[in-house]
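Notes for the one structure printed next.
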There are 2 protein chains.
Amino acid sequence: MQKRISQYRDALNERTAAIFRDRKPNSLYDPVRYVASSGGKQLRPVLFLACCEAVGGDFRSLLDVAVALECVHNFTLVHDDIMDEDDLRRGRQTVHKKWNENTAILTGDALLVKAFELLSSVDEKKMPYMIGEFSSGILEICEGQVLDKDFEKREGVSVQEYYDMIAKKTGRLFSLSCQLGAYLGDGSAEQIKALEQYGNRIGFAFQIQDDILDLISRDDVLGKKIGSDLRGGKKTFLVSYARDHLHAEALQVFNDILALKSPAQSDFARFIQLCKKSGTFDAAEKEIQQALGAARRNLSLIKASVAKDILVALLEQIETRTF
Amino acid sequence: MQKRISQYRDALNERTAAIFRDRKPNSLYDPVRYVASSGGKQLRPVLFLACCEAVGGDFRSLLDVAVALECVHNFTLVHDDIMDEDDLRRGRQTVHKKWNENTAILTGDALLVKAFELLSSVDEKKMPYMIGEFSSGILEICEGQVLDKDFEKREGVSVQEYYDMIAKKTGRLFSLSCQLGAYLGDGSAEQIKALEQYGNRIGFAFQIQDDILDLISRDDVLGKKIGSDLRGGKKTFLVSYARDHLHAEALQVFNDILALKSPAQSDFARFIQLCKKSGTFDAAEKEIQQALGAARRNLSLIKASVAKDILVALLEQIETRTF
């Protein structure tokens, strides 16, 4: 199974390099190549390929769509990093930091457009569905990003509002990857639906994990500056849940920390303490477990295979991930 | 003929309004609607519809693709205005000025993605070609924008380099609009090619006009701040041509003006004078005339019709445009 994942990754890396090799002007494609070859987890294209194989499809013929999904993911990272003023990503400088903001805007634009170009290789009969789902999915991601930025300026964001936001911002690209993999692999309507839900739940668990890791990981492990959510005023699961479950006095302290422009190390410690006290980490853990359990049940329609093993193994990887 | 253009514009406005009506969140779709309803010239969708009709197609069934082309145009304007730090567009504040830069990045992203979503209505047989041309065309536009920004930092840009840049940055969306109109209207391969060239030449003439208007028009007529090219260090046709045709002493004065961070009114006057002296305006006029003449000849394969009349009339409009 690990061998098959390695096969996926090798094929993805090779195809990605070939797509962007020798493209000019370098002032656009150097940053594009920098991002595309930055060796992220490639979770979304791996999910796409595994879902395709899991329903009986041939992954080799669909590599371009897999690369397209990673291009979309990279597009969101490059533009989000500008908006969040993040300087570090995957252990390296972000594009707007290494080059400048204009270059980062155009790099994101080019990655997004390239993603669509890569779809034009698909069987024409499947194209209307694919283009429709792909584009409306990315539009949802943009909407989710807007909500995420809106929430930074709001004080109270309910857990439900948080869920709605991450379903768009994070969940949709995961669910889209799985859904399209199943669709292009000629899965049944039930399989496509089930794998879309599987992806949606992975995205949900992934984002709550992300919120926790941003607080308790280390820069060198995570590949980006930890604590940036708190500094940026992000309404993470932790913030939304804890505010609902802290009593008046503790809530005041919690809100005071949230209001700080530059929280110190001691503020982070106090923030973590209050999250613990309010049962927020336990609740987050429970939500993650439930989502991954439901995602696992979504795989019941899928016959045993190496690809299915990968889909199961990815659930465990997400549960125990440290970056 | 004017009646048919009005029909196009009414249909476009109605469809555009319907597409973006009631979409949430408002923090994304208010700026999107602001841009989409800003009443630009809608030259590209009008060209698309006229080319479609000119080869015998039915324009009413292809309104979504026409709106998609205007969405792409608006995407480029919103992102370019951030990069160029322009505050005024179509007589109104630019998005990054009226809202903020993050909102402008996301507004551009959403317009671009929406454009692709609008293409999913097209006949599946035509989709691979359309998605391929549409996406590779937009990629060229991004490459052109990168070159335009690169040139700002360079001293000498040849007229040929300028041509290559505007062919991508401006020409490609015009040629794409015409090419896709002819293709989706079931034109012959020769008609598609001829109308693509027609569009390319219109774009060429349009951009040189733009360079001139930026210098000699008025803010209230142009709907944006005049002189922004000179202030931004843009290597326009005027700059590239004049530098090649001024003698040593005058060239030094010219270069000194180009090097100014904030040119005064008198510098603009001197700049215009040097352009006149070097025959630059005459050369620009000649290039425009030649391009529009060639564009007119590209219409020889098109049978007489109201739509063809529109395509001819647009050539005259571009020649005499003031904004």
Side-chain angles (χ1 to χ4, degrees), chain A residues 23-29 31-32 72 75-76 79-80 82-84 100-147 149-150 153 165 168, chain B residues 23-29 31-32 72 75-76 79-80 82-84 100-147 149-150 153 165 168:
Chain A
R23 293 292 301 243
K24 305 262 177 191
N26 286 337
S27 44
L28 177 60
Y29 288 101
V32 165
V72 171
F75 142 72
T76 65
H79 279 190
D80 289 3
I82 303 173
M83 297 181 218
D84 291 342
N100 56 59
E101 213 169 296
N102 288 349
T103 299
I105 292 174
L106 282 160
T107 299
D109 293 347
L111 283 162
L112 175 57
V113 175
K114 191 69 198 176
F116 280 99
E117 193 182 45
L118 288 168
L119 302 186
S120 61
S121 61
V122 164
D123 178 11
E124 67 185 35
K125 282 196 201 66
K126 294 189 167 168
M127 209 166 273
Y129 175 89
M130 195 187 50
I131 295 291
E133 292 298 303
F134 200 85
S135 52
S136 63
I138 303 175
L139 209 49
E140 276 192 63
I141 296 167
C142 293
E143 292 167 9
Q145 171 67 4
V146 166
L147 292 174
K149 297 305 288 179
D150 285 351
K153 292 169 224 135
M165 181 272 285
K168 290 181 170 222
Chain B
R23 294 289 303 242
K24 306 262 175 190
N26 286 336
S27 44
L28 177 60
Y29 288 101
V32 165
V72 171
F75 142 72
T76 65
H79 279 190
D80 289 4
I82 303 173
M83 297 181 218
D84 292 341
N100 55 60
E101 213 168 295
N102 288 349
T103 298
I105 293 174
L106 282 161
T107 299
D109 293 347
L111 283 162
L112 175 58
V113 176
K114 191 69 199 179
F116 280 99
E117 193 183 46
L118 288 168
L119 302 186
S120 61
S121 61
V122 163
D123 178 11
E124 66 185 34
K125 281 195 203 63
K126 294 189 165 167
M127 209 166 272
Y129 175 89
M130 195 188 50
I131 295 290
E133 292 299 302
F134 200 85
S135 52
S136 63
I138 304 174
L139 209 49
E140 276 192 61
I141 296 167
C142 293
E143 291 167 10
Q145 170 67 5
V146 166
L147 292 175
K149 298 305 288 178
D150 286 351
K153 292 169 223 136
M165 181 271 286
K168 289 181 172 224

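Below, chains carry the letters A, B, ... as their sequence lines are ordered, and counting in each starts from 1. In this text the structure is predicted, and so the values were computed from the model without any measurement.
We find the CD-CG distance between B/Q145 and A/N102 to be 8.0 Å, quoted to the nearest 0.5 Å. Expressed to the nearest 0.5 Å, how far CZ of A/F116 lies from CG of B/L119 amounts to 8.5 Å. Distance check, rounded to the nearest 0.5 Å: CE of A/M83 to CG of B/L106 gives 3.5 Å. Atom OG of A/S135 sits about 8.0 Å away from atom CD1 of B/I131, to the nearest 0.5 Å. Separating the SG atom in A/C142 from the OH atom in B/Y29 is a distance of 7.5 Å, to the nearest 0.5 Å.
Checked against salt bridge (charged side-chain N to carboxylate O under 4.0 Å, His left out), B/D150 has no partners two or more places apart in sequence or in another chain.
Evaluation of the side-chain hydrogen bond (donor to acceptor under 3.5 Å, both in side chains) test over residues 116-129 of chain B, restricted to residues two or more places apart or in two chains, returns B/K114-B/E117, B/K126-B/D186, B/Y129-B/Q179.
There is no contact between A/F134 and chain B, counting heavy-atom distances below 4.5 Å. Only the side chain of A/L147 comes within contact range of chain B, judged by heavy atoms closer than 4.5 Å. Interface remark: B/L139 contributes backbone and side-chain atoms alike to the contact with chain A (heavy atom separation under 4.5 Å). With a threshold of 4.5 angstrom between heavy atoms, A/E133 does not approach chain B through any atom at all.
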Verdict with supporting geometry, A/R23 and B/E143, salt bridge (charged side-chain N to carboxylate O under 4.0 Å, His left out): CA-CA 10 Å; A/R23 293 292 301 243; B/E143 291 167 10; 3.1 Å; yes

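In this structure, A/D109 and B/D109 have side chains that are in contact, with non-hydrogen atoms separated by less than 4.5 Å.
Using cut-offs of 30° and 60° on the angle between ring planes, the pair B/H79 and A/H79 is perpendicular.
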